[in-house]
Every structure is written in C-alpha cells, then in structure tokens.
Amino acid sequence: MVSNGNRISTRAVSGVLLAALLAVPAMSASAEGTAEISRGQQYYEKICAKCHETGIGPVLLGRGLPEVIFTTIPRSGLRAMPAFRVSDIDDATLQSLAKYLANSKPKP
C-alpha cells in the first residue's frame, strides 16, 4: 500500500486493524455502563427528585448506600415513600437507578 508517497506494509495495516477490532468490545462495554447510569439519572431527575430534592424525602445523592437499598425500598415502600410497581418503573430502569444512586456524589 502507498500513502502520501510513503510505503506502508500490509503487516502494519493488519496490526492497526487488529488493535481497532480488539478495542471495540471495551468501548461498547464502557458505552453500555454510561447508558445505564444515564437512564437511572434521567429517571431520578424526572421522578425521584420531586421529593428527594425538595425536602419531602431524604437526600439520596452521595449517601454511599448499597444498590440493594435503592431497589428494595422503591418496590416495597417505606413510611411516606410509596411502593412503585413494575408498571411504574421496570426492573431494568430500577437497577439502573440503583446503580446511579449508589455511585452518585453529593450535590455541592
């Protein structure tokens, strides 16, 4: 192959292509993690923040609580917190929300 007057070997091109192919799974896994956090964050901001950022419910961001807290309490309810059915928040979104809250930083 020839590029800009310089000769590039087929071996070099193959090496670059192989490296690119090996990087794709890592990039897609990273993108999936970002999408999960994003979906959970979107749900939090749309639904949960109405109570948990206005003083009605306790602060959830930055508490360092485990994910299981954020999946169990919304399904069963606790005190003034209503129970959310699967038709209110599906399991995948609830798990994404739990991951977002468990890994969140406190707001300044």
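None of these values were measured; they are calculated from a predicted model.
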Checklist line | Under the side chain to side chain contact (heavy atoms under 4.5 Å, CB included) test, residues paired with Lys107 that sit two or more places apart | finding: Glu53, Leu61

Checklist line | Residue pair Gly40 / Ser96: nearest heavy atoms and the distance that separates them | finding: N-OG, 2.8 Å

Checklist line | side chain to side chain contact (heavy atoms under 4.5 Å, CB included) evaluation trace for Asp91 with Val86 | finding: CA-CA 7 Å; Asp91 289 336; Val86 175; 4.2 Å; yes

Notebook entry, point to check: Which heavy-atom pair separates Ala102 from Pro66 by the least distance, and what is that distance?
Noted result: CB-C, 4.3 Å

Check: Measuring from Tyr100:OH to Glu67:CD, what's the distance to the nearest 0.5 Å?
Finding: 13.5 Å

Note to self: If you compare all heavy atoms of Ser104 against all heavy atoms of Gly62, which two are closest, and at what distance to 0.1 Å?
What the structure shows: OG-N, 2.8 Å

Next item on the list: Identify, with sequence neighbours excluded, every residue that meets side chain to side chain contact (heavy atoms under 4.5 Å, CB included) alongside Pro58.
Entry: His52, Arg63

Checklist line | Met81 with Val59, same ILVMFWY side-chain cluster at under 4.5 Å | finding: no

Margin query: Rounded to the nearest 0.5 Å, what separates atom CG in Leu60 from atom CD1 in Ile73?
Written below: 9.0 Å

Next item on the list: Using side chain to side chain contact (heavy atoms under 4.5 Å, CB included) as the criterion, list what pairs up with Leu94, not counting sequence neighbours.
Entry: Thr71, Pro74, Arg75, Ile89, Leu97

Item checked: Tyr43 vs Cys48 side-chain heavy atoms within contact, under 4.5 Å -> yes

